[in-house]
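Quick note: numbers below take in every heavy atom, side chains included, and nothing from hydrogens, waters or symmetry partners.
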Amino acid sequence: MAEVKLRALGLREVDFGDFDRYLTALTENGRKVEILCKNARRGKKQIAAARQFCYAAFILSERGGRYALREADLVHSFFPLSQDIERYALACYLAEVASSLTTVEEENPAVCRLLLHALHALEGKKRETKLIKAAFEWRIMAESGYAPDLADCGVCGGTIEQPPVYFSVCAGTAADEKCAVRVGGYAKLANSTLRALVHVLTSEINKVYAFALTGPAHEQFCRMAEEYVQYHLGRGFDSLRFYQSVALP
């Protein structure tokens with residue numbers, strides 16, 4: 001039985017039996033692991049760092065690709081998010097999206113960094129929750145191979161040199177006005193929406209959430225982000241429905 005040391009963020013926990021728990025975690029290199037936490041709910045044997053929304057340094061036992069918890073030292077806990085139902089619900093949704101876009105084999109470090117910065121932004125309460133959500137949705141899709149193309153027209157292939165720019169959620173491409181009107185299915189982007197999209201898709205990950213947006217552009221940016229995730233992943237999310245039920249209008 002090999003010993004494995006890694007840092008990871010707890011995404012989801014599932015209790016089973018009388019005392020045990022499985023923890024789904026996202027490693028710092030962007031790989032998903034399932035960790036068996038024996039006796040995790042038995043009195044003094046509990047390891048507080050091996051929980052959902054705790055970023056910790058783990059020592060695991062590995063055999064045949066299966067992991068069992070030995071030790072976990074807390075690096076940072078996002079547990080205070082549970083005291084705000086809207087922010088906690090959103091954190092659960094972000095974690096579910098990240099889990100759906102990661103595997104046990106492939107590494108994608110940007111996903112873990114993106115999620116950690118999103119949770120820090122939620123924890124700090126200096127950024128609007130809906131913009132954190134939308135920025136995360138756009139950027140995680142881009143980091144996972146679903147990046148929208150905003151530079152070239154998806155219809156004629158030409159470079160879009162000036163506004164207005166149109167965008168199709170289904171095609172994942174932009175179009176110039178002439179082509180968009182001719183083929184249909186493209187929506188005109190507000191200039192502020194376009195600038196926010198470019199910022200989110202091209203910034204360093206630690207700056208992705210550092211922007212503001214208001215008015216119709218805010219609504220368009222957030223609505224399209226949610227539609228983009230669900231369309232291109234071909235699924236909905238239970239955690240999203242929960243978030244929508246508790247989010248302030």
When you check the gap from the basic side-chain N to the acidic O, do Glu96 and Arg235 get nearer than 4.0 Å?
yes

If I compare all heavy atoms of Arg21 with all of Ala40, which pair ends up nearest, and what's the gap?
NH1-CB, 3.7 Å

Quick one: are Tyr67 and Leu36 in side-chain contact, heavy atoms under 4.5 Å?
no

Kindly say whether Lys207 contributes a backbone atom to a donor-acceptor pair with the side chain of His199 at under 3.5 angstrom?
yes

Determine whether Val4 and Val33 make a side-chain contact, defined as any pair of heavy atoms from C-beta on separated by less than 4.5 Å.
no

When every non-hydrogen atom of Phe211 is compared with those of Ala135, the smallest separation belongs to CE2-CB, 3.9 Å

Using the side chain to side chain donor-acceptor pair (under 3.5 Å) definition, which of the options Arg7, Glu106, Glu107 pairs with Asn29?
Glu107

Have a look at Tyr93 and tell me which of Lys133, Glu226, Glu137 forms a side chain to side chain donor-acceptor pair (under 3.5 Å) with it.
Glu137

Quick check: closest heavy atoms across Arg113 and Asn206, and the distance to 0.1 Å?
NH2-N, 4.5 Å

Is there a side-chain contact between Tyr209 and Leu114 (heavy atoms, below 4.5 Å)?
yes

Please say whether more than 12 non-hydrogen atoms of neighbouring residues, nucleotides or ligands are located less than 6.0 Å from CD in Glu161.
no

Take His76 and Leu116, measure what side-chain contact (heavy atoms from CB on, under 4.5 Å) needs, and give me the verdict at the end.
CA-CA 10 Å; His76 186 88; Leu116 285 171; over 6 Å; no

Could you tell me which non-hydrogen atom of Leu240 sits nearest to which non-hydrogen atom of Gln230, and how far apart they are?
CD2-NE2, 3.5 Å

Does any non-hydrogen side-chain atom of Val229 lie less than 4.5 Å from one of Met141?
yes

Just so I know, are the side chains of Phe136 and His117 near enough to count as touching, which here means a heavy-atom distance under 4.5 Å?
no

Tyr55, Phe58: one ILVMFWY side-chain cluster at the under-4.5 Å cut-off?
no

Let me confirm one number: the CG-CD1 distance from Leu115 to Ile140, rounded to the nearest 0.5 Å.
7.0 Å

Rounded to the nearest 0.5 Å, the CD atom of Glu227 sits from the SG atom of Cys222 at a distance of 11.5 Å

Could you grab the distance from atom OG of Ser77 to atom CD of Glu123, nearest 0.5 Å is fine?
8.0 Å

Does Val246 reach the side chain of Tyr88, with side-chain heavy atoms less than 4.5 Å apart?
no

On the 0 to 90° scale, with breaks at 30° and 60°, tag the Tyr228-Trp138 ring pair as parallel, tilted or perpendicular.
tilted

Spell out, yes or no, whether Leu23 and Phe78 are grouped together once hydrophobic residues are joined by side-chain heavy atoms under 4.5 Å, including indirect joins.
no

Measure the spacing between OG1 of Thr102 and CD of Glu105 and express it to the nearest 0.5 Å.
10.5 Å

Ignoring hydrogens and angles, tell me if any N or O in the side chain of Glu13 forms a donor-acceptor pair with the backbone of Gln52 under 3.5 Å.
yes

Ile160 versus Cys153, closest heavy-atom pair with distance:
CG1-N, 3.8 Å

Under 3.5 Å, side chain of Arg139 to main-chain N/O of Val200, donor-acceptor pair present?
yes

With the 4.5 Å side-chain cut-off for hydrophobic clustering, are Leu122 and Phe79 part of the same group?
no

Where do Ser82 and Phe53 land on the side-chain contact (heavy atoms from CB on, under 4.5 Å) test, with the steps shown first?
CA-CA 10 Å; Ser82 64; Phe53 300 135; over 6 Å; no

Within 6.0 Å of CZ in Arg127, more than 12 heavy atoms from elsewhere
yes

Is it true that Val198 and Leu213 fall in one hydrophobic cluster, defined by side-chain heavy atoms closer than 4.5 Å?
yes

Quick one, Ile47 with Cys37, criterion side-chain contact (heavy atoms from CB on, under 4.5 Å). Give me CA distance, side-chain angles, the key distance, then yes/no.
CA-CA 9 Å; Ile47 300 178; Cys37 306; over 6 Å; no

So which atom in Cys54 and which in Leu74 form the shortest heavy-atom distance, rounded to 0.1 Å?
CB-CD1, 3.8 Å

Interatomic spacing from CZ in Phe221 to CG in Leu194 - rounded to 0.5 Å
11.0 Å

Assess the residue pair Asn108 and Leu101 against the criterion (side-chain contact (heavy atoms from CB on, under 4.5 Å)); give the C-alpha distance rounded to whole Å, side-chain angles, the decisive distance to 0.1 Å, and a yes or no.
CA-CA 9 Å; Asn108 190 350; Leu101 287 167; over 6 Å; no

Pairs of donor and acceptor atoms involving the side chains of residues 167-179, under 3.5 Å and at least two apart or interchain, shall be tabulated with distances.
unit_1: Ser168; atom_1: OG; unit_2: Cys170; atom_2: N; d: 3.4
unit_1: Ser168; atom_1: OG; unit_2: Ala171; atom_2: N; d: 3.0
unit_1: Thr173; atom_1: OG1; unit_2: Tyr186; atom_2: OH; d: 2.9
unit_1: Asp176; atom_1: OD1; unit_2: Lys178; atom_2: N; d: 3.4
unit_1: Asp176; atom_1: OD1; unit_2: Cys179; atom_2: N; d: 2.8
unit_1: Glu177; atom_1: OE2; unit_2: Tyr166; atom_2: OH; d: 3.3

Keeping Arg70 on the side-chain end and Ile59 on the backbone end, is there a donor-acceptor pair under 3.5 Å?
no

Would a 4.5 Å heavy-atom cut-off, applied to side chains only, mark Asp15 and Arg41 as touching?
yes

By the side chain to side chain donor-acceptor pair (under 3.5 Å) test, which pairs, at least two apart or in different chains, include something from residues 212-221?
Glu128-His218, Thr193-Gln220, Glu219-Arg223

Positive for side-chain contact (heavy atoms from CB on, under 4.5 Å) with Leu9, one of Leu119, Thr27, Val75:
Leu119

Hey, could you give me the SG/CG distance between Cys92 and Asp238, rounded to the nearest 0.5 Å?
11.5 Å

Leu60 vs Leu69 side-chain heavy atoms within contact, under 4.5 Å
yes

Spell out, as yes or no, whether a donor-acceptor pair under 3.5 Å connects the side chain of Asp149 to the backbone of Ala151.
yes

